[in-house]
2 protein chains.
Amino acid sequence: MSKQTAKGVETRQLLLNTALRLFATKGFAGTTMRAIAKESGLSLGNAYYYFESKDEIVHEFYRGLVEQHRTTAWPMLVEGNTLETNIRLALEQGLAVLAPFHEFGPAFIRTAFSGSHGELSDVQRALEFGLWRQVVTMSRPLPPLAIRQDLPQLLWLIQRGIFLFWAYDSSEKAMRSHRLVKNAAPMIARLVVLSRMPVVRTIIDDVLSLIRTAT
Amino acid sequence: MSKQTAKGVETRQLLLNTALRLFATKGFAGTTMRAIAKESGLSLGNAYYYFESKDEIVHEFYRGLVEQHRTTAWPMLVEGNTLETNIRLALEQGLAVLAPFHEFGPAFIRTAFSGSHGELSDVQRALEFGLWRQVVTMSRPLPPLAIRQDLPQLLWLIQRGIFLFWAYDSSEKAMRSHRLVKNAAPMIARLVVLSRMPVVRTIIDDVLSLIRTAT
DNA sequence: ATTACTTTTTGATCATGTTCAAAAAACGAA
DNA sequence: TTCGTTTTTTGAACATGATCAAAAAGTAAT
């Protein structure tokens, strides 16, 4: 077993900070492991002592962006907004946070979806859920009771889909992704209203159980 | 401008055949550009004369698999099957064809979704649509007229989603993807029946127009 | 056949992600 | 302090995807 010394965490943090700075200035392809090491005043091998791969660094970067999405979107979700408004705000803020890093899209997908969901991923998911719970509970009028419970999960799933779409959206300024959000928000809100009807409710139940088999 | 000579197409074909053979035996990571060249009795640079990148070769490989999906699934769609059966058959056959190449998942996604689609991709999409049209027209009873027209497109979209899911499905033997298909087929069939109801129909219309803004 | 031109092929070279054995530094017990 | 152990760091290597200038082979007109 390897015990992390104080100097250890410091070095790791240094590497990570350097990497994030380079990511922001040079982009994904432009940020080489050698550059991260050199810019930190360390050797290449040393970087690999703390990070198994470049993707692992990207993963930490991505986690930071998710965190940033959460903290910037949260205060926008003020009580009294319609559900549609809150959904649109949360989704658009997500795109806004990701916007400067579109080049990272496929890498983000790789790290966010691929990884044999470890414990960390569970914590992460719980955090993301929190935002969508907030979207729901701050909405007025509140969504029908029958669906209120499950709505955060559905919204989270929709966000994942939009995230995927964005990652491979090659339109100018990810315009198509924005259009998608713009149109999806009112549609989802309408769907929620309709969920009072038994037929619609059974469909939603089907979708939910489908999600659960897949998760 | 470069004109392709007879020897040219021959060499290209040789490289491609070698690549496909190696892909099938050594996998994605195990098949190196050097190996493809050497096994073809050619130089590395020569391979790059005919293929811009390794991904481009993978893309051709993927197109072949899609073709194989089409030709193997088609005869299974016999008249008289229920819609659910046909959907399940087509989806499962898709997974079956892809199964030996799960390692290629992310690479397939990259080539299938990413690339600023040229004309070729349109042809490809039309072909894929054909299968789903067959799924619909061979079903008994035929789906409600109101939705019959749009159903192929919806099914195609669902298949893309399942394809994505499969690509990042790290469960044993892609078990979760199979479970997803198993549960999705009857659900979709139920949804189609319900589409006779105006409420459901409006939802489907919403989804369709959403797709169209995104495509 | 000679010549001018185009297509194909090569071989060397680069850049970058990744690995690894060994040196250096830090640590902890005697 | 000193010695053995562990953690950190280095520097050299490797493998592979990609590029490119120049050689070779092919083509077509005169």
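Residue numbering restarts at 1 for every chain, and letters A, B, ... go by the order of the sequence lines.
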Quick test: give all pairs of protein nitrogen or oxygen and nucleotides 13-15 of chain D nitrogen or oxygen below 3.5 Å, distance rounded to 0.1 Å.
none

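Evaluation of the ring pair (Phe, Tyr, Trp, His ring centres under 6.0 Å) rule for B:Tyr48 yields no partner, not counting sequence neighbours. For A:His178, there are no ring pair (Phe, Tyr, Trp, His ring centres under 6.0 Å) partners two or more places apart in sequence or in a different chain. Residues passing the side-chain hydrogen bond (donor to acceptor under 3.5 Å, both in side chains) test with A:Ser171 are A:Asp169, sequence neighbours excluded. Legend: residues meeting ring pair (Phe, Tyr, Trp, His ring centres under 6.0 Å) with B:Trp132, ordered by chain and number and at least two apart, are absent. Residues passing the side-chain contact (heavy atoms from CB on, under 4.5 Å) test with A:Tyr62 are A:Val66, A:Phe108, A:Thr111, A:Ala112, A:Phe163, sequence neighbours excluded. In terms of the side-chain hydrogen bond (donor to acceptor under 3.5 Å, both in side chains) criterion, residue partners of B:Asn81 (sequence neighbours excluded) are, by chain and number, B:Asn86.
OP1 and OP2 of D:dT8 both lie 4.0 Å or more from every side-chain N or O belonging to A:Asn46. Note on B:Ser53: every side-chain N or O is 4.0 Å or more away from OP1 and OP2 of D:dG17. Of the side-chain N and O atoms in B:Thr32, one or more sit less than 4.0 angstrom from OP1 or OP2 of D:dG17. The phosphate of C:dT9 (OP1 or OP2) has a side-chain N or O of B:Thr11 nearer than 4.0 angstrom. The phosphate of C:dT18 has OP1 or OP2 within less than 4.0 Å of a side-chain N or O from A:Tyr48.
A heavy-atom distance below 4.5 Å is not found between the side chains of B:Phe101 and B:Phe28.
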Treat primed atoms plus P, OP1 and OP2 as sugar-phosphate and everything else as base, then score nucleotides 25-30 of chain D 5' to 3': B for base contact with protein heavy atoms under 4.0 Å, S for sugar-phosphate contact only, - for none. --S---

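Residues from residues 35-43 of chain B that place a heavy atom under 4.0 Å from any atom of DNA chain C, listed by number: B:Leu42, B:Ser43.
The nearest heavy atom of DNA chain C to A:Gly30 and to A:Gly45 marks one nucleotide each, and the one closer to the 5' end goes with A:Gly30.
A cation-pi arrangement, defined by a distance under 6.0 Å to the six-membered ring centre and an angle within 45 degrees of its axis, is present between A:Arg125 and A:Trp156.
Counting only residues at least two apart or in different chains, salt bridge (Lys or Arg N to Asp or Glu O under 4.0 Å) contacts with residues 6-33 of chain A comprise A:Arg12-A:Glu60, A:Arg21-A:Glu39. Screening residues 128-137 of chain A for salt bridge (Lys or Arg N to Asp or Glu O under 4.0 Å), with sequence neighbours left out, gives no hits.
Direction of the helix axis in the helix from C:dA1-D:dT30 to C:dA30-D:dT1 shifts by 10° between the two five-pair termini, rounded to 10°.
Minimum atom distance to the side chain of B:Tyr50 is reached by C:dT8, of the listed D:dG17, D:dT8, C:dT8.
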